[in-house]
Amino acid sequence: MEKAIYVTSPLLPELGAFIPYLQQIWKSKYLTNNGPFHQAFEQALADYLGVEHLSLFNNGTTALITALQALAIDGEVITTPYSFAATAHALVWNRLTPVFVDIDPRTFNIDPKAIEAAITPRTQAILPVHCYGLPCDVEAIEQVARRHGLRVIYDAAHAFAVQDAQGSVLRHGDMSILSLHATKVFNTFEGGAIISPDARTKHHVDQLRNFGFVDEVTVETCGINGKMSEINAAFGLLQLQHIDGALVKRESIDALYRKQLMKIPGITLCCAAQNHAYFPILVEDAYPLSRDQLYDAFKQRQVFARRYFYPLISDMAAYCDRKDSRRHPLPMASHIAQRVICLPIHPDLTLTDVERVVAVIRRGALGSSSNTATASAVPDLVSEKR
Ligand SMILES: Cc1ncc(COP(=O)(O)O)c(C=O)c1O
């Protein structure tokens with residue numbers, strides 16, 4: 001039986017390196033509630049990302065729900081259907097109406113022109129996603145928001161450590177949220193964060209994160225429990241020592257895939273994000289197998305690629321009867337969702353693993369989805385064509 005290759009594998013330091021952190025927690029008996037590790041990690045993470053006002057959360061979904069609460073958004077919010085379900089769920093949990101609009105087929109991010117066309121008197125905000133870590137067209141989105149008096153909350157769950165010419169992409173909009181889930185580039189097992197534009201907003205977010213407590217006896221707003229525990233925060237501090245190395249490894253795997261896959265007819269490579277969080281490819285009509293046939297061929301070879309993002313959120317059972325949410329055409333998003341597949345990419349992926357993934361795609365290019373042929377029996381299409 002071949003070793004399973006998963007789409008991702010969590011960044012984990014040596015277990016022994018975490019023991020002293022645990023000993024400290026056991027000694028202090030400080031388990032949560034803004035303890036010393038929480039304070040240290042919150043500051044260290046903000047410094048690492050190059051942002052000023054960061055609030056840690058227990059996951060990205062709670063962070064997103066809280067960001068929408070903090071901005072007191074009401075009515076309709078324009079968002080992308082091409083994302084993880086949590087993007088839209090956070091709106092519904094706030095009793096907001098997600099309004100799905102189409103994406104730019106080159107970046108997979110929400111199309112600013114589609115946003116403008118979908119604005120109604122009930123629209124209060126825009127919730128774009130920096131999909132796969134590729135920054136949205138933040139300037140165009142800001143212009144639309146300014147013209148129509150809308151708030152912008154970025155779902156930056158994929159955009160850990162992504163910068164543009166002026167600094168962190170997390171500084172854009174009224175707020176950004178991060179996910180530090182196990183599947184992400186940087187994880188604290190579970191975790192998340194809100195990046196606020198100023199100290200006052202962060203203070204408000206911090207109160208909402210802790211049930212709305214202002215002091216021991218005063219609760220001014222109906223907050224939530226969004227606190228990150230000391231174990232997660234301590235782990236985050238340790239992870240910060242390893243993230244740069246992990247990003248370099250991701251970059252080299254991305255480069256390897258690009259080299260190996262660039263000339264396979266019907267396989268389209270997508271733009272690379274700075275953090276190489278994902279490696280999406282499009283399986284076009286010129287490729288002999290459909291996307292789902294390629295997905296099955298991978299599975300036969302113990303390669304667990306994922307169809308992110310399929311189905312579109314708007315096509316999920318939880319959304320498909322919501323007429324208010326599904327009133328705009330989504331041809332690009334639908335086209336991409338039918339063709340996309342994300343290849344395994346993570347710091348522990350070996351050269352042999354990459355070759356195994358590539359061999360399945362090359363075999364498919366010959367019209368075979370069978371798992372019987374060996375990689376060596378497959379001609380090297382890439383070097384043949386060069
Ligand atoms: C785009 C997007 N938004 C939100 C989330 C939710 O983050 P979490 O899993 O930390 O709650 C995810 C997580 O996978 C995501 O991919």
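Nothing fancy with the numbering, it's 1 onward along the sequence. Predicted, not measured: the structure shown is a model, and the values here were computed from it. Note: hydrogens, waters and symmetry copies are ignored here, and every other heavy atom, side chains too, is used. Just follow the structure's listing: the first ligand is 1, and inside any ligand the first atom is 1.
In this structure, the protein non-hydrogen atom closest to atom 16 (O) of ligand 1 is His158 NE2, 2.8 Å. Looking from atom 6 (C) of ligand 1 to the surrounding protein, the closest heavy atom is Thr61 OG1, 3.4 Å. Counting protein heavy atoms only, atom 14 (O) of ligand 1 is closest to Lys184 NZ, 2.5 Å. The protein heavy atom nearest to atom 12 (C) of ligand 1 is Phe84 CD2, 3.5 Å.
Look at Arg250 and Asp254 and you find no salt bridge, because none of the NZ, NE, NH1 or NH2 atoms lies under 4.0 Å from a carboxylate O. Ion pairing of Arg209 with Glu42 is present here, as a side-chain N (NZ or NE/NH1/NH2) and a carboxylate O approach within less than 4.0 Å. Between Arg356 and Glu2 there is a salt bridge, since at least one side-chain N of the basic residue sits less than 4.0 Å from a carboxylate O of the acidic one. Checked for salt-bridge contact, Lys3 and Asp353 meet the test: a charged N lies under 4.0 Å from a carboxylate O.
The side chain of Asp155, and not its backbone, has at least one atom closer than 4.0 Å to an atom of ligand 1 (non-hydrogen atoms only; side chain from C-beta on). Under 4.0 angstrom from ligand 1, there are no non-hydrogen atoms of Glu190.
The hydrophobic clustering, which links ILVMFWY residues whose side-chain heavy atoms are closer than 4.5 Å, places Leu294 and Ile264 together.
Within a 6.0 Å sphere centred on CD of Gln293, other residues, nucleotides and ligands contribute more than 12 heavy atoms. Around CD of Glu52, the count of heavy atoms belonging to other residues, nucleotides or ligands within 6.0 Å does not exceed 12. Counting non-hydrogen atoms of neighbouring residues, nucleotides and ligands closer than 6.0 angstrom, the NE2 atom of His148 exceeds 12 such neighbours.
Residue-ligand proximity, Ala157 to ligand 1, at heavy-atom distances under 4.0 Å covers atoms 1 (C), 2 (C), 3 (N), 4 (C), 12 (C), 15 (C). Short contacts between ligand 1 and Thr87, defined as distances under 4.0 Å to a heavy atom of the residue, involve ligand atoms 1 (C), 3 (N). In the vicinity of Asn59, heavy-atom distances shorter than 4.0 Å reach the ligand 1 atoms 10 (O), 11 (O). Within ligand 1, counting atoms from 1 as listed, the ones closer than 4.0 Å to a heavy atom of Ala86 are 4 (C), 5 (C), 6 (C).
Contact between Gly191 and ligand 1 is present, with at least one heavy atom of the residue lying under 4.0 Å from the ligand. For Ser83, the heavy-atom gap to ligand 1 drops under 4.0 angstrom.
By the 3.5 Å distance cut-off applied to N or O atoms, Ser179 is counted among the residues near ligand 1. For ligand 1, the polar-atom distance check against His181 finds no nitrogen or oxygen pair separated by under 3.5 Å. Note: no N/O pair closer than 3.5 Å links Thr183 and ligand 1 by distance alone. Backbone and side-chain nitrogen or oxygen atoms of Gly60 are examined, and one is located within less than 3.5 angstrom of a nitrogen or oxygen of ligand 1.
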* To do: Show your working on salt bridge (charged side-chain N to carboxylate O under 4.0 Å, His left out) between Arg362 and Glu355 and close with a plain yes or no.
  => CA-CA 10 Å; Arg362 284 195 189 142; Glu355 280 169 354; over 6 Å; no
* Go through Glu190 and Asn232 one step at a time and tell me if the side-chain hydrogen bond (donor to acceptor under 3.5 Å, both in side chains) criterion holds. => CA-CA 7 Å; Glu190 292 272 5; Asn232 300 97; over 6 Å; no
